[in-house]
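The structure under discussion appears below in the form of C-alpha cells.
Numbers restart at 1 for each chain; the letters A, B, ... are given by sequence-line order, proteins then strands.
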Protein chains: 2
Amino acid sequence: MSTPAASALLDVIRDWGADKLFTCPGSTEAAVLDALVTRTDVELVLTTHEAVAVSMADGLARATREPGVAYLHANVGLTNGLSHLYAAQLAYSPVVVLNGVKATSIQSREGFTTGRRMRDLVHQYVKSDWQSLTTEAIPEDVNRAFRTAVTEPAGPVWVALSQDLLESAAEVPVPAVDRYRFDSRTAPSPDAVSAAAALIAAARRPVFVAGSELARVRAVEGMVALSEQLGAPVLHEDRRGFERPGFPTDHPNFRGQYTVDHPLVAQADLLVFLGARLFNEFEPAKVPPLPAGTPIVHSHTDPRHLAMVHGVDAALVGDQGLVLDALAAALPTGASREVPPATQPAPRPPSASGAPLRPADVVDVITESLRGTALVGDATTAGGILQQRAHQHGGDDYFVSTSGSLGWGMGAALGIAMGMPDRRVAAVLGDGVFQFGMPALWSAARTGLPVTYVVMNNQSYAAVGAALKRFGGTAVERQDYPGVDIAGPRIADISTGFGVPGQRVDTLAELRECLDAARGVDHPTLVEVMTDPSEFGP
Amino acid sequence: MSTPAASALLDVIRDWGADKLFTCPGSTEAAVLDALVTRTDVELVLTTHEAVAVSMADGLARATREPGVAYLHANVGLTNGLSHLYAAQLAYSPVVVLNGVKATSIQSREGFTTGRRMRDLVHQYVKSDWQSLTTEAIPEDVNRAFRTAVTEPAGPVWVALSQDLLESAAEVPVPAVDRYRFDSRTAPSPDAVSAAAALIAAARRPVFVAGSELARVRAVEGMVALSEQLGAPVLHEDRRGFERPGFPTDHPNFRGQYTVDHPLVAQADLLVFLGARLFNEFEPAKVPPLPAGTPIVHSHTDPRHLAMVHGVDAALVGDQGLVLDALAAALPTGASREVPPATQPAPRPPSASGAPLRPADVVDVITESLRGTALVGDATTAGGILQQRAHQHGGDDYFVSTSGSLGWGMGAALGIAMGMPDRRVAAVLGDGVFQFGMPALWSAARTGLPVTYVVMNNQSYAAVGAALKRFGGTAVERQDYPGVDIAGPRIADISTGFGVPGQRVDTLAELRECLDAARGVDHPTLVEVMTDPSEFGP
C-alpha cells in the first residue's frame, strides 16, 4: 500500500548503503513513515529534536565515511537542524538532508510551516539544494543528492520533498545507483608534486602539520609512513581547525599541536600542512599565526582552503592519501634527518586538597580512565586541554566539531557509536553544551547505545568570562561577570529523568570509580563532575 | 570603561522602552556585557538557548505591545533562534534581534562561527536585515531597526553587530529616539469603508469572524461594540490562524470558532473577517474553507493577507481598531437583528473510571482550575480542544503560536509573565513540545517567575499518528505507527532537576489538587499529567 515514490526513495537510500533514517517527523512525511512499516532494509531512527537527527547522521557519516541521512520536517525542523548541519559541512561529512515540506498548493499560499525561500535557509551549508518538482523526479533527485554528497570534497546536501508528490500514486523509475557511484578522489598534478617535493627534500628542519582531513580520508598511516621516511616531526593542526587526529599521539615522531610559538615551528625551515585549515581563526590574531619568512607547503582536498588567507610556496590539491603517496614516491627513502627530541611540558603544581576540581585534573582522570574509548569532545572551555591529553592512536579515537554549535557532541556520539559497534564511545561535555543537547538523552535511552556522557559542570559560560577578561573593562575592574553564571541544574538528575542513569561527583576518586563502572555496563550513563566555576580558562 | 558604541547601543534600547536584553551570549558580545555591569536601566536576562531568548522576547512583546530584544551569538546562535523568530513574525511581534558576529577580518576569512550569507538565514523572517558597517553607524542602525519593528504592520528585525566595531573606542552619536517614533496606524480609505458598510448594512444574517489581530492592537472592545451595535454573532478565527482571542468567549454574541460547516456560517448571507487570516492552511482543504457564493468582507492590518488566496467583495486595509471605528460610524446604531441562539455541543460520553485519561477531560480540569490565569498553548494534539475550552475574556487571556515551532510556549510564557506582572500565567504543553523547550526551565528557575507548566504526556507524537491514520496505508492496516512512540522521559523529574518542582499525576483529582496548589506559590512549578497514548486526535 506504500506509494511508489516513497518506496523508491527508500530503495535509493538503501542502495547508497544508508540503512538508517534519522528523523523527528511531522505529518508531511506520512507516506515515507508508512512505507517503513514493512521495510527491514532501512531503519527509522526516531529522535525528539532535529538537532539530534542531524548530529547523529553526521556522527554516523564521520565514523563510517558513508552517507548519513536526516529527514527533517518543514521549515521549522530545517532551521532547528541548521547549526549542526554547519558542523557537518566543516567536517566534509556527507549528510543527506531530506526535508519533508507541505503540499505544493499550501506552499504557494504561505500555509502552515511553509517557507517562501527554503533554499536560502540552507544553501550556504550544502553542496546542492533542490526541491523535487514532480513525483517522477524524486528518486533521481535523491540519487543525485547522494552522489553529490559523497563526491570529493564530500559534504551535506539538501532535497525538499513535498507531501503531495510523495503521496501520489504515480509510478516512478528507480535509478541504478551503482552507475552513479565513482571514485572521485583526485591526485595533485605531477608538476605540483615535484615542486612540493623539491622544497621538502631541500629542507633541513621541515615540520609537518597533520590535519583532520588525513583522518577523514583514512590517510593517517600514509602520514606516519612519510614522517618515518623523512625523519620529520609531525604536529596536529591548530586547535581551532582540529576535527580529528591526523597523526598518532603515541608515535615517536609526534610533537604536539601546532602553534606559531611551538619551538619546532620557530626553528623550522619549511612547514608542510597536510589536510589542515590555515586557519579557523577565533579572533583576529595578535601575532601572525605563521612564522615570518618560513616557506609553506599546503595541501588540502578542498582547493577553497589553499591560499585563502596566507600565500603558499607550493600547493597540492587532492585526496590526502594520494597526496601522501605522491610525495612518498617523489622523495628519497631512508631518513637522513633526526627528529628533534620532544620537550616535556612543565609539571603542573599539585592541586590543593579539598579545593574545587580543576579542569586539567579532571581531564587527566577522564583520559586515563577512558583510554581505548573513542572520545567525542564538546566542551568549550576544557576542550583545549582535552585535545592535548586525549589518547589518539588513530583517526577514529577523538572527534570534535569546529562549528561552535553547542550540543553537537551529544547526538554525534550516538551516531559514532552506531558506526563503530566494536568501540566504546564517550562524550566529554560542558554544562552549557549539555543544555543544548539534552534531547539526545532520549535517543541514548531509546537506542540503549552504551555511550558514556561526562559533563564537566563548572556552572558557567566560562568562555564568556574569558572574553570579558580579555576585554579588560568594567567586569574585570569590579570582578562582576554578567552572562557567565549558569549554575542551578542537577544534570545527573535530569539525565536519570531521561532514563540514562546519572551520577554527580565532586572528587577525582569518585569520578574514576564512575568511569570504571561505566565501561562495564551495556547501556548509556552520565557522570556529572563538578569543577571550579572560577576558572575561566584561556 | 565601556566603549561608546556599546553604551550608545544600550541607550537606544532603553530609549525605545526596552529594559530587558534576552541573550545566550558568546565572546563577540563582550563589549555589551561589559557595559551592562554598571547599567541599571537595561537588564541582562540570561538564557541557556537562543530559542528561549527569542521566545521570551516574543512573549514580552506580545504582552506589552512594545519591542522585545534578543541578542544572539554568531551564525550558530542565529540559526538556533530561527524557528521561534518565525513565530514572532506570524504574530506581528516586534522582536528586535541583535546578532553579535565575529570581527570583520575574521568574517572575510571564513573564521570560526562566521557566515558568508548571514542575511540569507534570516531575511524571510524579518522586516529588515542589516549588518552595521561602521562603529559610528551602530546607534543609527539599531534605532532604525526598532522604528521598523514597531511600524505597522509590526514585526521582527535583524541587525548584525561585529565584535571589532563594538569594541572600537570611536565616539558615536546617539539618535534622539523620540523623533523616530510615530503613529504608524492607518485607517482604510473612506470609499472602502462605504463599500464594506453597505454590504454589512444590507445583510440579514451577517457573521463576524474576529481574528488575532484584534487582540494584538487592543481592538477587542471595538469588536464587542460593533457586534452589539449590529446584533451580529461573532466567531473566533479558524484554529490554524488563531494566535489570541479577538472576542470574549463569555460574551452573549460569541458563537464558537470558525469552520465552514459551523451552522451560522452555512446560513450566513455575509461573512466579515476582521484581523484574521484566510487561512493558514494545514493541508490542502478537502472541502473549500469558504461557503460557495457567500459574499466576503475581509480586513487586515497587513495587506499581504487580503485576496491572497480567496477573492473578496470588500477589503479594508488598516489598523483593526480604526477599521472598527470607521465601520461603527458608517453603520446604523440600534441593533435591528437578533443574534441566533447558540447550539450547545453534545455532551461527551463519560470516561470509564480507571481508563487512561482522555485529553478532553484533562483540558476541562485545566481550564476550570486555571480560570483567570493567562494560558499559553503549545500542545499539538490537545491544542484544538484547549482553544475551544479555554476561558478568553480579553485578548491577553490565551496565547498560541501558529508557527508550528515546538517549544515556543515554554519561553513565551516567561516573557508574557514578565510583561503582565499582575497576572498568573500557565503554559499547557505536549510532551513532544517539552523536549524542544527544556532550556526554558533554566530560565524559569533563574527568574523565579511563578509560571505553571502543565505537560500533557501522551508519550506520543500523536499528530504523526493522526497523519498516518489520514494516509490510511500499511500503518493503519497493521496498527503499527512508526515515528509516534516517544515514551520514556519522566518529565516531572527532569523539571525538578532544573529547580522547577515537578509532579507527575495520573488522575484528574491529583491534577486538580496540583493546579490548585500551583496557584498559591510564588515560584515556577510543573505538573506532568499522563494521558492516553492511543488517542491520536483529529
Side-chain angles (χ1 to χ4, degrees), chain A residues 1-2 25 27 30-31 33-34 36-38 44 46 48-49 74 76 79-80 82-83 103 105-106 109 111-113 115-117 120-121 124 240 280-284 309 404-405 435-436 438-439 442 445 463-464 467-468 471 473-475 478 480 482-483 486 488-490 493-494 497-499, chain B residues 1-2 25 27 30-31 33-34 36-38 44 46 48-49 74 76 79-80 82-83 103 105-106 109 111-113 115-117 120-121 124 240 280-284 309 404-405 435-436 438-439 442 445 463-464 467-468 471 473-475 478 480 482-483 486 488-490 493-494 497-499:
Chain A
M1 298 187 55
S2 302
S27 55
L33 294 173
D34 196 76
L36 281 164
V37 173
T38 50
L44 177 79
L46 186 61
T48 54
H49 196 290
V76 287
T79 51
N80 283 338
L82 282 181
S83 65
S105 65
I106 304 295
R109 292 170 168 189
F112 185 74
T113 64
R116 287 187 82 75
R117 301 181 186 95
D120 287 5
L121 294 171
Q124 64 196 293
R240 294 291 176 183
N280 187 28
E281 289 173 276
F282 183 77
E283 285 189 349
V309 179
S405 62
Q435 288 206 41
F436 280 79
M438 289 182 288
W442 183 89
V464 174
L468 284 165
F471 183 74
T474 313
R478 305 208 174 189
D480 175 4
I486 57 166
R490 297 193 62 89
D493 292 352
I494 291 167
F498 274 102
Chain B
M1 295 187 55
S2 302
S27 55
L33 295 172
D34 196 77
L36 281 163
V37 173
T38 50
L44 177 80
L46 187 61
T48 54
H49 197 291
V76 287
T79 51
N80 283 338
L82 282 181
S83 65
S105 66
I106 304 296
R109 291 170 168 188
F112 185 73
T113 63
R116 287 188 81 74
R117 302 183 185 92
D120 286 5
L121 295 171
Q124 63 197 294
R240 293 291 176 181
N280 186 30
E281 287 172 276
F282 183 77
E283 285 189 350
V309 179
S405 62
Q435 287 207 42
F436 280 79
M438 289 182 288
W442 183 88
V464 174
L468 283 164
F471 183 74
T474 313
R478 305 208 173 190
D480 174 4
I486 56 166
R490 297 193 63 88
D493 293 352
I494 292 167
F498 274 102

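With a 4.5 angstrom heavy-atom cutoff, B:Thr38 touches chain A only via side-chain atoms. Both the backbone and the side chain of B:Ile494 come within contact range of chain A, with heavy atoms under 4.5 Å apart. For a residue to count as touching a neighbouring chain, one of its non-hydrogen atoms must lie under 4.5 Å from one of that chain's; by this rule B:Arg478 touches chain A with the side chain only. Both the backbone and the side chain of B:Ile486 come within contact range of chain A, each with at least one heavy atom under 4.5 Å from a heavy atom of that chain. Residue B:Ala74 does not touch chain A at all, counting heavy-atom pairs closer than 4.5 Å. Heavy-atom distances place both the backbone and the side chain of B:Leu33 under 4.5 Å from chain A.
Of the listed residues B:Val464, B:Thr48, B:Leu46, the one with more heavy-atom pairs under 4.5 angstrom with chain A than any other is B:Thr48. Between chain B and the residues A:Leu121, A:Asp480, A:Asp493, the largest count of heavy-atom pairs under 4.5 Å involves A:Leu121. Listed options B:Arg490, B:Arg240, B:Gln124, B:Glu283 were ranked by heavy-atom pairs under 4.5 angstrom with chain A; first place goes to B:Gln124. For chain B, the option among A:Gly488, A:Pro489, A:Ala463 with the highest count of heavy-atom pairs below 4.5 Å is A:Pro489. Per-residue heavy-atom pair counts under 4.5 Å with chain A were compared for B:Asn80, B:Leu82, B:Val76, and the maximum is reached by B:Val76.
Between atom CE of residue B:Met438 and atom CZ of residue A:Phe498 there is a gap of 3.5 Å, rounded to the nearest 0.5 Å.
Here the shortest heavy-atom pairing between A:Thr113 and B:Gly404 reads CG2-CA, 4.0 Å. In plain terms, the two heavy atoms of B:Ser27 and A:Ala467 that are nearest each other are CB-CB, 3.4 Å. Nearest heavy-atom pair, B:Phe471 versus A:Ala30, reported as atom, atom and distance to 0.1 Å: CB-CB, 4.2 Å. Heavy-atom minimum distance, A:Ser105 versus B:Pro284: OG-CG, 3.6 Å. Looking at every heavy atom in both residues, A:Asn280 comes nearest to B:Gly111 through OD1-C, 3.4 Å. Heavy-atom minimum distance, A:Leu44 versus B:Pro482: CD2-CB, 3.8 Å.
Remark: side-chain polar atoms of B:Asp120 are not paired, donor with acceptor, to backbone N or O of A:Asp120 under 3.5 angstrom.
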